[in-house]
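One structure below.
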There are 2 protein chains.
Amino acid sequence: MDIKISFKVNEAVFLRDPEKSDLGRTIIKNSIDLINNLGFEAFTFKKLAIEMGTAEASIYRYFENKHRLLLYIISWYWKYMDFLLDFQLQNLTDQKIKLKTIIRLLTHELPIHTGGLDYNIKFLNQIVITESSKVYLVKEVNEINKSEVFKPYKELCAKIATVITAYNKKYAYPKSLSSTIIEAAHHQQFFSQHLPRLTDVTPKNKNEFACLFIENLVFGVLG
Amino acid sequence: MDIKISFKVNEAVFLRDPEKSDLGRTIIKNSIDLINNLGFEAFTFKKLAIEMGTAEASIYRYFENKHRLLLYIISWYWKYMDFLLDFQLQNLTDQKIKLKTIIRLLTHELPIHTGGLDYNIKFLNQIVITESSKVYLVKEVNEINKSEVFKPYKELCAKIATVITAYNKKYAYPKSLSSTIIEAAHHQQFFSQHLPRLTDVTPKNKNEFACLFIENLVFGVLG
DNA sequence: ACATTAATGATAGTAATACTATTATTTAAA
DNA sequence: TTTAAATAATAGTATTACTATCATTAATGT
């Protein structure tokens with residue numbers, strides 16, 4: 001069975017759905033590559049158009065601006081993460097194992113699901129670590145939030161919070177703990193890569209570090 | 001006694017030291033106001049120059065670009081935070097009270113120290129919450145880091161880590177916990193202001209929320 | 001007090017960015 | 001096979017992110 005995975009991203013994010021045309025999919029694929037290469041600040045639609053051999057105006061038909069395009073990519077990622085989480089938590093009954101599975105997912109490169117997915121998951125992962133907070137850390141956050149485009153993040157957060165509560169019914173801050181571990185997963189990965197003195201990473205545990213730290217944190221708080 | 005507080009920010013951050021001239025100080029003061037008003041993305045040197053009634057070129061004599069200016073402001077903030085921390089931890093012996101004092105400082109508006117400080121601390125606080133991570137979440141982070149401009153953040157982190165270790169010698173991740181609570185302090189404040197569903201904030205505890213959550217987190221992990 | 005240096009103001013200019021608009025051409029749908 | 005929709009190609013504008021020049025003002029040293 002050759003399943004094509006695709007996720008519906010909120011329509012408010014784009015002008016034309018990039019999933020529904022070759023050009024659209026090429027835009028997303030090349031954006032992921034180029035944002036990863038240049039960083040979001042230096043990334044422009046012009047450069048993307050040149051990279052793709054298309055016109056700048058074509059990209060503007062899909063996205064209002066590069067911030068929306070990033071929002072699309074990040075939303076897509078959260079939807080994919082949500083899907084993987086459902087998939088991996090399936091049939092698990094032990095809440096501790098569920099939490100460990102979640103933490104593992106949040107702190108590692110996403111497994112590449114055979115079939116579908118022509119996006120570079122390694123790059124996507126790096127983009128999420130470095131750029132994801134830029135989608136909401138903007139002046140217009142309240143305005144943007146009204147169109148519900150942050151829903152995928154909120155839903156993932158709520159889902160993790162449910163598992164937290166199932167593990168420890170008395171814990172008072174399941175959603176905050178959830179958003180904190182998501183963000184900390186990114187930060188600790190970024191710091192261990194670029195600013196290791198902000199962490200306790202060692203050369204030995206470099207890849208596992210964020211996971212170890214967050215597991216210790218979560219089970220420390222939840223008991 | 002009328003003490004003027006000032007902090008030496010690493011010289012690599014600026015071209016000309018803004019603390020050493022009226023124009024320089026006006027640049028910083030107005031930047032804080034304007035970044036708070038417009039957000040960092042919409043903030044430009046041109047707008048700042050108009051606001052100040054000076055020429056754009058004058059500002060470029062102090063800072064290479066707006067990223068460096070933000071880095072200056074954020075570095076200044078960390079130095080000020082470090083100073084306040086020393087001040088408030090003075091004479092405290094109970095490590096638990098020390099940690100609570102730290103968490104309180106990280107999650108509240110900084111107290112305005114009489115004398116000195118013509119910067120708007122309320123605004124500065126908001127800028128740190130919303131913009132501070134943008135100084136390191138950039139492609140050039142390794143390059144920038146070489147000039148030691150992130151030292152104030154690292155030193156604050158190390159200082160907090162010392163207290164964490166003093167409180168619990170067995171805890172394996174003092175620096176990561178330290179950077180995590182600093183970042184979480186910002187995120188949880190931002191989320192409770194703008195995206196409350198990512199938190200467990202209630203209308204009642206809105207101002208105290210981040211503090212309560214992080215206290216619970218820290219003493220949960222450290223025992 | 002005067003000369004020298006340094007800082008600022010005023011103005012101009014350039015390349016790149018972030019778009020919008022127009023029209024011709026290709027592709028897809030009715 | 002007609003019609004509509006999507007794309008390519010091209011142009012154009014306002015703003016951004018700078019750099020350069022030169023006159024003026026302020027600060028400093030002797």
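In what follows, chains carry the letters A, B, and so on, assigned in the order in which the sequence lines appear, proteins first and then strands, with residues in each chain numbered from 1. The structure presented is a predicted model; accordingly, all values stated were derived computationally and were not measured. Just the heavy atoms: all of them, side chains too, but no hydrogens, waters or symmetry mates, feed the values below.
Between the CG atom of L69(B) and the C1' atom of dT16(D) there is a distance of 16 Å, given to the nearest Å. Rounded to whole Å, the distance from CZ on F45(A) to P on dA18(C) is 9 Å. The distance from atom CG of L48(B) to atom C1' of dT15(D) is 16 Å, rounded to the nearest whole Å. A straight line from CZ of R68(B) to P of dC18(D) spans 11 Å, rounded to a whole angstrom. For the pair L15(B) CG and dC18(D) P, the interatomic distance rounds to 11 Å; values are reported in whole Å. With rounding to whole Å, I50(B) atom CD1 is found 14 Å from dT11(C) atom C1'. Remark: C1' of dA16(C) and NZ of K66(A) are 12 Å apart, rounded to the nearest angstrom. For the pair F40(B) CZ and dT16(D) C1', the computed distance is 13 Å after rounding to whole Å.
E56(A) comes within 4.0 angstrom of a base, heavy atoms only. Across all strands, R61(B) comes closer than 4.0 Å to base atoms (heavy-atom distances). Residue-level contact check: E41(B) touches neither bases nor backbone, having no heavy atom under 4.0 Å from any strand. Among the heavy atoms of the strands lying under 4.0 Å from K47(B) are primed sugar atoms or P, OP1, OP2 only; no base atom is included.
Salt-bridge check for R25(B) with D118(B): failed, with every basic side-chain N at 4.0 Å or more from each acidic carboxylate O.
Distances from the side chain of Y62(A) to the nucleotides dA9(D), dT19(D), dT7(D) place dT7(D) closest. Ranking dT8(C), dT7(D), dC19(C) by closeness to the S21(B) side chain, first place goes to dT8(C). With distances taken from any side-chain atom of A57(B) to the nucleotides dA17(D), dT19(D), dA8(D), the minimum falls on dT19(D). Among the nucleotides dA17(D), dG9(C), dT20(C), the one closest to any side-chain atom of Y60(A) is dT20(C). Here the nucleotide nearest the side chain of R16(B), chosen from dT8(C), dA17(D), dT20(C), is dT8(C).
A sub-4.0 Å separation between OP1 or OP2 of dA8(D) and a side-chain N or O of T54(A) is present. Within the structure, every side-chain polar atom (N or O) of S58(B) is placed at least 4.0 Å from both OP1 and OP2 of dT8(C).
For the pair K66(A) and F43(A), the cation-pi test (distance below 6.0 Å, angle within 45°) is failed.
No close placement of the H186(A) and F190(A) rings is indicated, their centers lying 6.0 Å or farther apart.
For the pairing with I73(A), the side chain to side chain contact (heavy atoms under 4.5 Å, CB included) check across V135(A), I35(A), V9(A) returns one residue only, I35(A).
Judged purely by atom type and a 3.5 angstrom limit, T199(B) uses its side chain to pair as donor or acceptor with the backbone of P196(B).
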